[in-house]
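The block underneath contains the structure these notes are about, expressed in structure tokens.
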Amino acid sequence: DSMSYVALYRTWRPQDFDGLVGQEHIRKALTNALESGRISHAYLFTGPRGTGKTSTARILAKALNCEKGPTPHPCNTCDHCREITEGTSADVIEIDAASNRGIDEIRKLREQVHFAPVSSRYKVYIIDEVHMLSTSAFNAFLKTLEEPPAHAIFILATTEKNKILPTILSRCQIYDFQRITIADTIEHLQYVASQEGIEAEVEGLNIIAQKADGGMRDALSIFDQVVSSTRGHITYASVIENLNVLDYEYYFKLTDSFLRQSVPEALLIFDRILRNGFEAQYFVSGLSTHFRNLLVCKDPSTLSLLEVGPSVAQRYGQQAAQCSNDFLYKAIDISNGCDLSYRTSNNKRLLVELMLIKLCQLLAPVQVAPSVAPPLQKVASATSSNQPSVSSQPPPAQQVPQQNKVQQPVSPAAVLQSQAVQPPRPVTVSSTLQQSQPPKAPMPRMVPPSISIKKPQVMTETQVKKET
């Protein structure tokens, strides 16, 4: 009958401390406190959603009010236990702080707390989402929380401990609930499937556990959804189809294309993913996780960090053997950078495609360009080789001794002879020629003829007269 159907997360809510999944430290602490009789007047349960905070509060209320109690093992058969399980107990009051967050509600609570329990040993107040209370409500609650009546016990539950006043925290025993691991979630789902007569593959349950993100309530809700759509036969293919989860096979094929340096194949796989309705950012995040999983497969000491099914783990081991550590380091850096830049990009598809192109080029051989001298350097070197090997400084001129400070006339032959000994001017190349013209072929080297320099002679006055 559809009217009598109860969701699986309500059907399989734990009814004793042994039924808590993934919270072994909480179970030990509370059972030891109950056995030794060290019962506090205020508890604070904090942690992510779906980890068992409210369920533990109800179990603690049953352990305190059980006819055999206080006991760490409530019987779940006496009237008090059954009333608490059914939610009809007059001595266990559950308050939703999200809808009763004002100071008026806390004043009513302060007035009621002084009344003795109706039929139970303790009056237990379970305040869920206590961080939603206003500051004035917290301040009004302080005195009652600090010195409550002997029959009153407060159990506060919250997902955001940082929003609670320090004065409230100092008055409570704080228990931190952890996210439930994938292994514990799969084990519990297998137990539920066996009790409900459901066939389930481990790989499919692994996808459900990953989707739940550490919350058992979420895992049971997803499990219930998949059971309804598959008629009690859960497979890996049916789970990824119902939950719209990106298949591992896409990432394995993409990594193979990266190793083959095949850019077209990588772009076509990404286009197929988009056509199947997946978000590009979800794909990029999953690709980073895929590279991370390949990296942890490289070392036997980190294999425990790989949280996938047996068949998928085997695929990871095979592909990890083909990838070097350097390739995986660079691939994780590139994919993570794309994930960070995705929100601010105007062309998101092009951003992801550029990432895929870079990943395909990681293993491409590096081409080193030959060292070629710049054109200007060629022109300068060619010009310097064409210059004649003659000093740019002219030889020092011979000074004619002067007698009695009177300048003597010089013969025309001596003048011609002195002009002939001047060295040729050095060849220079302008900067304009070096920049605009290509280098020319080297010219033949010209060697200046050897010139003998005669020392000019001083003529007497009689010789000058004869010459003239």
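Values below: all heavy atoms of this structure, side chains included; hydrogens, waters and symmetry mates excluded.
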Quiz item: Would you say the side-chain atoms of Arg171 pair up with the backbone N or O of Thr167, donor to acceptor, closer than 3.5 Å?
Solution: yes

Quiz item: Does the side chain of Arg58 reach to within under 4.5 Å of the side chain of Gln15, using non-hydrogen atoms?
Solution: no

Quiz item: Is the backbone of Pro117 close enough, under 3.5 Å, to the side chain of Lys123 for a donor and an acceptor to pair up by distance?
Solution: no

Exercise. Given side-chain hydrogen bond (donor to acceptor under 3.5 Å, both in side chains), test Asn336 with Ser288 step by step and report yes or no.
Key: CA-CA 6 Å; Asn336 186 59; Ser288 300; 5.3 Å; no

Quiz prompt | Shortest non-hydrogen contact from Phe115 toward His151 | solution = O-NE2, 3.0 Å

Exercise. Go through the steps to decide whether Leu351 and Asn347 satisfy the test side chain to side chain contact (heavy atoms under 4.5 Å, CB included), and finish with yes or no.
Key: CA-CA 6 Å; Leu351 177 69; Asn347 194 338; over 6 Å; no

Quiz item: Is a side-chain donor or acceptor of Glu201 paired with a backbone partner of Tyr236 at a separation under 3.5 angstrom?
Solution: yes

Practice problem: Determine the minimum heavy-atom distance between Met355 and Ser335, stating which atoms define it. | Solution: SD-CA, 3.7 Å

Quiz item: Does the side chain of Pro72 reach to within under 4.5 Å of the side chain of Leu30, using non-hydrogen atoms?
Solution: no

Self-check item: Exercise: identify the closest heavy-atom pair between Ser257 and Cys360
Solution: O-SG, 4.3 Å

Quiz item: Are any of the side-chain nitrogens in Lys161 or Asp176 under 4.0 Å away from the carboxylate oxygens of its partner?
Solution: yes

Quiz item: Within the side chain of Ser345, is there an N or O that forms a donor-acceptor pair under 3.5 Å with the backbone of Tyr342?
Solution: no

Quiz item: How far apart are the C-alpha atoms of Ser311 and Glu203, what are their side-chain angles, what is the distance that settles it, and do they pass the side-chain hydrogen bond (donor to acceptor under 3.5 Å, both in side chains) test?
Solution: CA-CA 8 Å; Ser311 60; Glu203 284 77 10; 2.9 Å; yes

Practice problem: Supply the atom-to-atom distance Ile26 CD1 to Leu60 CG, rounded to the nearest 0.5 angstrom. | Solution: 11.5 Å

Practice problem: Could you check if a side-chain atom of Ile168 sits within less than 4.5 angstrom of a side-chain atom of Leu156, using non-hydrogen atoms only? | Solution: yes

Quiz prompt | Electrostatic pair Asp218-Lys211, nearest N-O below 4.0 angstrom | solution = no

Quiz item: Charged N to carboxylate O below 4.0 Å: is that the case for Asp79 and Arg82?
Solution: yes

Quiz item: Are the side chain of Asn139 and the backbone N or O of Thr135 linked by a donor-acceptor pair below 3.5 Å?
Solution: yes

Self-check item: Inter-residue atom distance Lys53.NZ - Ile155.CD1, 0.5 Å rounding
Solution: 13.5 Å

Quiz item: Within the side chain of Ser229, is there an N or O that forms a donor-acceptor pair under 3.5 Å with the backbone of Val226?
Solution: yes

Exercise. State yes or no: are the ring centers of His290 and Phe252 separated by less than 6.0 Å?
Key: yes

Self-check item: salt bridge (charged side-chain N to carboxylate O under 4.0 Å, His left out) contacts touching residues 282-305 (sequence neighbours left out)
Solution: none

Quiz prompt | Non-hydrogen atoms of Leu294 and Cys323 that approach each other most closely | solution = CD1-SG, 4.4 Å

Quiz item: With respect to Ile95, which candidate in Ile126, Leu109, Leu133 satisfies the side chain to side chain contact (heavy atoms under 4.5 Å, CB included) definition?
Solution: Leu109

Practice problem: Determine yes or no for a side-chain-to-main-chain donor-acceptor pair under 3.5 angstrom, with Arg217 supplying the side chain and Tyr9 the backbone. | Solution: no

Exercise. Measure the shortest side-chain to side-chain distance between Tyr329 and Leu295 over non-hydrogen atoms and say whether it is less than 4.5 angstrom.
Key: yes

Self-check item: Presence of salt bridge, Asp104 and Arg107, under 4.0 angstrom
Solution: yes

Quiz item: How long is the gap from CG on Leu359 to CG on Leu259, to the nearest 0.5 Å?
Solution: 10.5 Å

Quiz prompt | Residues Tyr316, Gln314; criterion side-chain hydrogen bond (donor to acceptor under 3.5 Å, both in side chains); working and verdict | solution = CA-CA 5 Å; Tyr316 269 116; Gln314 185 178 3; over 6 Å; no

Quiz item: Has Glu279 got more than 12 heavy atoms of other residues, nucleotides or ligands less than 6.0 Å from its CD?
Solution: no

Self-check item: Worked check of side chain to side chain contact (heavy atoms under 4.5 Å, CB included) between Val130 and Phe138
Solution: CA-CA 9 Å; Val130 70; Phe138 269 129; 4.2 Å; yes

Quiz item: Are Glu105 and Lys108 close enough for a salt bridge, meaning some N to O gap below 4.0 Å?
Solution: no

Quiz prompt | Qualifying residues under ring pair (Phe, Tyr, Trp, His ring centres under 6.0 Å), relative to Tyr122, sequence neighbours excluded | solution = none

Quiz item: Are any side-chain N or O atoms of Asn32 and backbone N or O atoms of Lys28, one a donor and one an acceptor, separated by less than 3.5 Å?
Solution: yes

Practice problem: May I ask you to check whether Tyr250 and Asn276 show a side-chain donor-acceptor distance below 3.5 Å? | Solution: yes

Quiz prompt | Check ion pair Lys253-Glu265 (N to O, under 4.0 angstrom) | solution = no

Self-check item: Beyond-backbone contact of Tyr251 with Thr289, side-chain heavy atoms, under 4.5 angstrom
Solution: no

Quiz prompt | Shortest non-hydrogen separation from Pro48 to Phe177 and the atoms involved | solution = CD-O, 3.4 Å

Quiz prompt | Between CD1 on residue Ile39 and CD on residue Gln173, distance to nearest 0.5 Å | solution = 10.5 Å

Exercise. Could you walk me through whether Leu34 and Phe17 pass the side chain to side chain contact (heavy atoms under 4.5 Å, CB included) test, one step at a time?
Key: CA-CA 12 Å; Leu34 289 167; Phe17 289 114; 3.7 Å; yes

Quiz item: Once you round to the nearest 0.5 Å, how far does CD1 of Ile84 lie from OG of Ser120?
Solution: 6.0 Å

Quiz item: Could you walk me through whether Arg13 and Thr85 pass the side chain to side chain contact (heavy atoms under 4.5 Å, CB included) check?
Solution: CA-CA 10 Å; Arg13 182 187 292 272; Thr85 302; over 6 Å; no

Quiz item: Is there a side-chain hydrogen bond (donor to acceptor under 3.5 Å, both in side chains) between Ser238 and Thr235 once you walk through the steps?
Solution: CA-CA 5 Å; Ser238 63; Thr235 61; 3.0 Å; yes

Quiz item: Below 4.5 Å, heavy atoms only, C-beta onward: do Arg27 and Gln23 meet side chain to side chain?
Solution: no

Practice problem: State yes or no: are the ring centers of Phe283 and Phe270 separated by less than 6.0 Å? | Solution: yes

Exercise. Check whether any side-chain N or O of Arg179 sits under 3.5 Å from a backbone N or O of Gly215 as a donor-acceptor pair, and report yes or no.
Key: no

Quiz item: Counting heavy atoms not belonging to Glu187, are there more than 12 under 6.0 Å from its CD?
Solution: no

Quiz prompt | Pairwise side-chain contact, Val113 with Thr144, heavy-atom cut-off 4.5 Å (strictly under) | solution = yes

Quiz item: Quick one: CZ on Arg231 to CD on Glu199, what's the gap to the nearest 0.5 Å?
Solution: 14.5 Å

Quiz item: Does Asp91 use its side chain to pair, donor to acceptor, with the backbone of Val118 at less than 3.5 Å?
Solution: yes

Quiz item: Would you call Asp271-Arg349 a salt bridge at under 4.0 Å N-O?
Solution: yes

Self-check item: Cation-pi, Phe141 ring and Arg110 (6.0 angstrom, 45 degrees)
Solution: no

Quiz item: Do you know the tightest heavy-atom contact between Val296 and Asn293?
Solution: CG2-O, 3.1 Å

